[in-house]
2 protein chains.
Amino acid sequence: MPERSASDRTSEPTTPATASFSRRALIASFAATAGVAGVSGALVAEAREPASPGPHADAGRRVEPFHGAHQPGIATAQQRYALFAAFDLETADPRGGRLPADRVAANFAQIMERWTVAAERLMRGEAPGPIPANVRDAPADTGIADGLAPAGLTLTFGLGPDLFDRIGRPEQRPRRLRALPAFAGDQLQAAWSGGELLVQICGDDPQVLSHAFRAIRGRTPGLARLRWSQQGFLGRFGDGTPRNLFGHKDGTANPRAGTTAFDDTVWVTAPDEPAWFSGGTYLVFRKIRMDLPKWDTSTAQQQDRSIGRRRDTGAPLSGGDEFTAPDFERAGPDGTPAIPPDSHVALVRGAPMLRRSYNYDYAFPVATGPSGGAHDHGGDGPGHSHGDHPHDHAAAGHDSYDSGTLFCAFLRDPGEFVRAQRALAESDRLNAFIRHTGSAVFAVPPGIRPGQHLAAPLFPPR
Amino acid sequence: MPERSASDRTSEPTTPATASFSRRALIASFAATAGVAGVSGALVAEAREPASPGPHADAGRRVEPFHGAHQPGIATAQQRYALFAAFDLETADPRGGRLPADRVAANFAQIMERWTVAAERLMRGEAPGPIPANVRDAPADTGIADGLAPAGLTLTFGLGPDLFDRIGRPEQRPRRLRALPAFAGDQLQAAWSGGELLVQICGDDPQVLSHAFRAIRGRTPGLARLRWSQQGFLGRFGDGTPRNLFGHKDGTANPRAGTTAFDDTVWVTAPDEPAWFSGGTYLVFRKIRMDLPKWDTSTAQQQDRSIGRRRDTGAPLSGGDEFTAPDFERAGPDGTPAIPPDSHVALVRGAPMLRRSYNYDYAFPVATGPSGGAHDHGGDGPGHSHGDHPHDHAAAGHDSYDSGTLFCAFLRDPGEFVRAQRALAESDRLNAFIRHTGSAVFAVPPGIRPGQHLAAPLFPPR
């Protein structure tokens, strides 16, 4: 990858070019082919130099293709880091009052155009290009990824339920896109929920993610406002299923990319969906806080029976190995089902979705009071056996110590998630250890071809 | 690395063993040899099985030695992730009043003993061992690192200025260990400052860090309370100097491990220091928030002249390449010094320290109000050129968006940092873009031999 050069600092408009594509052959069937030039002129520019590995490139050299029938970051082998950021379109008119819908729509088109250009460049390991109307003589790029390989970077964009009314195109809203209902036990915080636009940034180098997020966010002022962001990670489990912060494998039942089961689970093909959305998918996001001190002081049997699987091997409690199908009829030694009917595995069975979740461990993200975030256990002193373990922490500290799962699922129908989550909210044994504190749902448009931008299908020529 | 087995779940006391050491030959000159068995019986146990690479081990297989003349995580090649956590000893007596100093000292010895045992095992990629008096039938380990290689994990422990009075051993306090003075412009938050005990956890896999931190913290209830924690990262710069979030290389002037300059900079040898501290060092920690929107909208020249180096190459503004010595006498085209006297490089010159800092980017760590963290820019609408860039964010959003540098320096005399920081606080051009919001200083004891624990030298037989 070339270092960002001084030429990136010019604010000359980029010129469209027909660069050669050395990457994966573009898949033939594009769903969204209409309205390519429907918004403005020089939309998608190819950078002038092809990506080449930098001096320190290693496994991080992996480059994911931006173009294709589907957006990247979904069927892509899961990277080790993720940043989810939700934005709302600007609605306030600086001259007072609210912006009219057509102005908001134009802003939306502009932001998607900027993001499309930036995402394509960033995924190639290039600087994201100049920001229109940026400060004179300010560098076009932050430079924090200079010398870094793309490390499998992907950017994936989603559209929230309120967006379509906001831009005056309610008829284009995907049919299954609506805010998730309230579930029993939800303790959602508005600040971590909802959003009109979503950007999912995944990759194997957190500094590359930080760079990409800054580029994405730097293109929003005047057009949109950041609503929330969340960051997660996975351990280096290689080809193995990643473990969550309960120590259990998470994602065992996922369909494998390239299979019919995967396609049937993820990609939208339903005839009642708007034509532009064919090949898209839905993303359900839940911020799920885990009460780790409580978990750590429960017994191994309680833990495994909450999940319905053995922690060590990931095998269902009905026997076999990690990938053995759970046998919900099989009885255990005491005659009751080996997999408790109220275990997590039993309750989510049959809900088709691609889980692409990440762990998060923010520890104490902010000051929690004059005692300096020291609420990590009660006042029990040493020598009291019941006071000598992390359970002390549970009472007071759970509110301030923030760690858990950034649940992220892609599926062709969010209704499947709703059905599963209703069952879980009702009786999941895991509920004693988790709390849902954030929630959002988005329609993820299909992929695009070079020259398109992600929102173009919403603006057909008329 | 072996999977944590069911045998880890026993709560039998571990037995001391004389395991063979296949790692780096232990350096001959140990400073701390007194009082090995001064505290209690079975202090440091060797795990029964040697570490072996796991099925998915890759570059993460790197194992750093725990024992040696110095603690790990200092001369160690900098890993990609760091977690800094500060604890305070428990002083409240559960029966009312305050614990006497000898009881606090015993608690301190116990926690250091537990941490020593856990750290040694964790660095080998093993489960940290059972927690004394843990809940019956609770797993001894969280299992979240099962299947993960150690990935260069190091744990490094430090002792804060107030500790020595707290444990009734003021005479053992290192002579240069005192709270840092206030500096002009400091905006320190108590919740992110100070601490009696520090744990620095570094490694190349964030889930391994999360695992280690949970093990460390799980050994504190009843003995100590978590005061603050901070997490940072570096990009995959390979052998190159890492870049901070201003895009500049950070650490260019560092001494190289294995050189006399390094040893002279880092390791304590002064005759006025307590004997037990010989071979130790001091750690200065500063949480430095960066105003990225302000930085991103300043000109390239302003940026480079604030640092005194070129962002792209890291070369001093007096010319040459990254590793050319800055020439503070050299004049630029306008006759003034090419490196401004109030640039960062000019002001810190001659301050010997090993910088081992990390970037942090917490984005919006928590809800910032009813509008959901949406304070990322002012009300300027599109089309206003001055309102169409990230500078809008600076006024309102800087308080909630938290990113910057976790400055961490090791040096034989914190007075060197104080001198440099006084000069910086006075006139550093960078001050327009940064704010110091956290501060702490610790004495880092020397390394230990197998069978010792890190606080043993403080408890000589008497």
Side-chain angles (χ1 to χ4, degrees), chain A residues 9 56 60 92-94 107 133-135 137-139 142-144 147-148 189-191 205-207 210 218 221-223 225-229 233 235-238 240 243 245 247 296-297 299-300 311 361-367 372-374 376-377 379-382 385 387-390 392, chain B residues 3 56 60 92-94 107 133-135 137-139 142-144 147-148 189-191 205-207 210 218 221-223 225-229 233 235-238 240 243 245 247 296-297 299-300 311 361-367 372-374 376-377 379-382 385 387-390 392:
Chain A
R9 297 186 176 178
H56 308 300
D93 187 326
N107 286 352
N134 203 346
V135 176
D137 296 330
T142 60
I144 69 169
L148 295 180
Q189 296 188 252
D205 187 324
Q207 186 135 336
S210 201
L223 305 176
R225 294 167 178 258
L226 182 64
R227 183 181 175 96
W228 55 259
S229 67
F233 62 87
R236 287 189 183 192
F237 289 98
R243 290 183 186 272
L245 296 187
D296 288 346
T297 51
T299 69
R311 188 186 78 181
D361 185 354
Y362 300 157
F364 289 106
V366 290
D376 58 324
H377 59 83
D380 287 349
S385 65
D388 212 7
H389 60 71
D392 290 346
Chain B
E3 292 245 326
H56 307 301
D93 187 325
N107 286 352
N134 203 347
V135 176
D137 296 330
T142 59
I144 68 170
L148 296 179
Q189 296 189 252
D205 187 325
Q207 186 136 336
S210 202
L223 306 176
R225 293 167 178 260
L226 182 64
R227 182 182 175 96
W228 54 260
S229 69
F233 62 87
R236 288 189 182 191
F237 288 99
R243 290 184 186 271
L245 296 188
D296 287 347
T297 51
T299 68
R311 188 186 79 180
D361 185 353
Y362 300 158
F364 290 105
V366 290
D376 59 323
H377 58 83
D380 286 351
S385 64
D388 211 9
H389 59 71
D392 291 347

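Below, chain A is the first sequence line, B the second, and so on; all start at residue 1. The structure displayed is predicted, hence computed values, not measured ones.
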B:P139 versus A:A300, closest heavy-atom pair with distance: CD-N, 3.7 Å
Smallest separation among heavy atoms of A:F237 and B:I144, with atom names: CZ-O, 3.7 Å
Partners meeting side chain to side chain donor-acceptor pair (under 3.5 Å) with A:D205 (sequence neighbours left out): none
Side chain to side chain donor-acceptor pair (under 3.5 Å) partners for B:T142, two or more places apart: none
Minimum heavy-atom distance A:G235-B:L148, with the two atoms named: C-CD2, 3.9 Å
Minimum heavy-atom distance between B:R243 and A:Q207, given as atom pair plus value: O-NE2, 2.9 Å
